[in-house]
**Q** 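I am attaching a structure below and will ask some questions about it afterwards.
Per chain, numbering begins at 1; letters A, B, ... match sequence-line order. Fair warning: this is a prediction, and the values are worked out from it, not measured in the lab.
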Amino acid sequence: MIDIKAFRENPARFVQGAKDKGMNVDFPRLTALDEQRRNILTELEHKRAEQNRLGKESGPQIGKLKGQLKAMAEQDRGAIQQQLTALEATPIRLKNEVAVLERMLSDVEPAWAELLLTVPQPPATDVPKGAGSDDNIEIRRWNPTGFDAAKPFATNRGFKPRTHQELVRSLRLVDFERGVKMSGTRHYVLTGMGMRLHQAVIRYALDFMADQRGFQPMGIPVIVREECMIGTGFFPAGREQAYHLEESKRGNSHDLFLTGTGEVGLMGLHAEEILSLDALPLKYVTASTCFRREAGAAGKDTAGLYRIHQFDKVEQVVVCRADDAESRTWHKTMLESVEMILQSLELPYRLLQCCTGDLGVKNEDMIDVECWMPGRGDSTADGVPSGAYGETHSASRLGDFQCRRLNLRYKDEGGRPTFAYALNNTVVASPRIMIPLLEIHQNADGSVTIPAPLRKHMGGIERIEPG
RNA sequence: GGACAGAUGGCCGAGCGGUUGAAGGCGUCGGUUUGCUAAACCGAUGUAGGGGCUUAUACCCCUACCGCGGGUUCGAAUCCCGCUCUGUCCGCCA
């Protein structure tokens, strides 16, 4: 959520920000509602102040007179009753006026709040402008020794690559048919060494973050209340992306939602809290199952492990002081962890600075990491895929957008409660990462070499052999 | 699933329908005293919104907040209704 005060002072910044992100927000309506709301509020507060003043002045008198009235004989009550009526006239008038204003407020307030939630965080000033992912700017590439992703796989390795779909079938790592039988399209079953490879990479990433990078490992709920989804900025915009458990229809108090990323659980942890300065920065890492409906992605990446409804992800999150420079430093540090892991797995990758049009509602700066996947891309004349980079990671800086919604604050040096800044970044998401893992490390004989760091999590084997 | 009990500030814990943003205690911060520490004493110590003043802090004023939402009343932490949450006991259970 944006700061409404910042919006009043400089609406142009938010209007431009939404425009650069390619998002439509009814700003004139927001301005109008905000003004109405403020005017009503001001008047209401004046009336209430008057009420309070009278309550102290004439209130006790009224009470005394009412007491006298009770103790009196019928015929003597007239004079006192008159006094009472006079004393009560103004408070009763105020009461009615307040009621009218309150009704007016309840007309504008909900619409105002709802609209405010839809205003996106403006992109950081140095984020390149652009319409969509085609305008993202490559920052750098990395290749393992002996492999150059700029050249075809066959040139690098001396044989034609199999796609991950072919590999998981011949190596019996994934059973798509039974996955679909049980749960429908975009579902799958990990089998045998497929499950072990999946577990190995998740476990390796979590351990790496905990042991080498000082992040606190957490196990968090993946079933959460709506407040968590709104607080982390996934709702209302992404409502269609989340699985919805309609518990209220079964007589329970709250509906629940399956989270699409561990970020929701990690950020929800300290919602509604005021942290002490020395508690920061929070550095959390979690491994959690993620659920995505992939609404609106019909027909896209339908085959294979690329786009699926359920997967596991190791996610890192940092909550730090409201300081732009500090947030940028953490952004680099988090990405460095990702690069260390990808390099240790010997996967070619590149970093992309996302342009304004590719940002979401909640982030002001985002860098995507794409791994080279030999089985992706258009097929060449001989029917072999050309290979292409595919997104495997995403690292976002959110400013205070998320913490503002979550009401997550800390006491700054001067003791003032301040909304913290938040960042999040994929450490590794599997099975998607298994695509480059299998495709890059495949051998001419159809086997796949397991990168050294994963072997101890796979019973010590070095290769997955066909058959 | 059944039966009870409860929800008040950073924490514990009082609170008659009006003078209670809320006693008392603890904690924290500042000060005094003191070889140091400790103790003692004095003072301060919630959040949000709006306004004033200001270059900006500071400061001043107003409003709201005693789980949440309604209601009664001239006036609600206090009375009434609904909801949520927490705890305890019993049952069931991976």
**Q** Tell me: CG of A:Asn407 to P of B:G46, nearest whole Å?
**A**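 Between P of B:G46 and CG of A:Asn407: 18 Å.
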**Q** Taking CD1 in A:Ile461 as the centre, count heavy atoms belonging to other residues, nucleotides or ligands within less than 6.0 Å. Is the count above 12?
**A** yes
**Q** Report the C-alpha distance between A:Arg203 and A:His457 in whole Å, list the side-chain angles of each, state the deciding distance to 0.1 Å, and finish with yes or no for side chain to side chain donor-acceptor pair (under 3.5 Å).
**A** CA-CA 8 Å; A:Arg203 180 62 194 268; A:His457 298 296; 5.2 Å; no
**Q** Tell me, yes or no, whether the heavy-atom count around A:Glu114 atom CD, taken from other residues, nucleotides or ligands under 6.0 Å, exceeds 12.
**A**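 Open: at most 12 neighbouring heavy atoms sit under 6.0 Å from CD of A:Glu114.
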**Q** Roughly, in whole Å, what's the span from CD in A:Glu9 to P in B:A56?
**A** 11 Å
**Q** Pairs counted as Watson-Crick or G-U wobble with both distances under 3.5 Å: what dot-bracket string results for RNA chain B, using | for bases tied to another strand?
**A** ((((((((.[[[..)..(.....]]]((((((.......))))))(((((((......))))))).[[[[[..)....]]]]])))))))....
**Q** What is the distance, rounded to the nearest whole Å, between atom CD of A:Glu50 and atom C1' of B:G75?
**A** 14 Å
**Q** Can you check the distance between B:G75 and B:G18, where both ends of the measurement are the P atom (answer in whole Å)?
**A** 14 Å
**Q** Could you work out, with ring-ring contact (aromatic ring centres under 6.0 Å, His included) as the rule, every residue matching A:Phe234, not counting sequence neighbours?
**A** none
**Q** Identify the residue among A:Arg292, A:His309, A:Arg293 that makes a side chain to side chain donor-acceptor pair (under 3.5 Å) with A:Tyr243.
**A** A:His309
**Q** Nearest whole Å is fine: how far is B:U28 P from A:Ile274 CD1?
**A**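 In whole Å, B:U28 P and A:Ile274 CD1 are 19 Å from each other.
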**Q** Work out how far the P atom of B:G17 is from that of B:C26, and round it to whole angstrom.
**A** 30 Å
**Q** Please report the distance separating the C1' of B:U88 from the corresponding atom of B:U28, rounded so that it comes out in whole Å.
**A** 33 Å
**Q** Between A:Thr418 and A:Lys95, name the one whose nearest nucleotide on RNA chain B is closer to the 5' end.
**A**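 This one resolves to A:Thr418.
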**Q** If we take the P atom in both B:C59 and B:A5, what is their distance in whole Å?
**A** 46 Å
**Q** Go through A:Glu413 and A:Arg321 one step at a time and tell me if the salt bridge (charged side-chain N to carboxylate O under 4.0 Å, His left out) criterion holds.
**A** CA-CA 10 Å; A:Glu413 288 81 351; A:Arg321 291 182 310 135; 3.1 Å; yes
**Q** Measure from CG on A:Asp34 to P on B:G49 and round the result to the nearest Å.
**A** 13 Å
**Q** Taking B:C92 as the reference, what is the distance to B:C85 when you measure between their C1' atoms (whole Å, please)?
**A**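 Pairwise C1' distance, B:C85 against B:C92, rounds to 23 Å.
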**Q** Quickly work out the A:Arg225 CZ to B:U84 P distance and round it to whole Å.
**A**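 My rounded result for the distance is 10 Å.
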**Q** When you compare B:A22 with B:U8, how far apart are their C1' atoms, in angstrom units rounded to a whole number?
**A**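 B:A22 and B:U8 have their C1' atoms separated by 9 Å.
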**Q** What is the distance, to the nearest angstrom, from the CD atom on A:Glu272 to the P atom on B:A48?
**A** 12 Å
**Q** Whole angstroms only, please: what is the CZ-P distance between A:Arg409 and B:G46?
**A**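 These atoms are roughly 14 Å apart.
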**Q** Go through B:G46, B:A58, B:C74 for me and flag the one nearest to the A:Arg416 side chain.
**A** B:A58
**Q** Using atom C1' in both nucleotides, what's the gap between B:G67 and B:U78 to the nearest angstrom?
**A** 16 Å
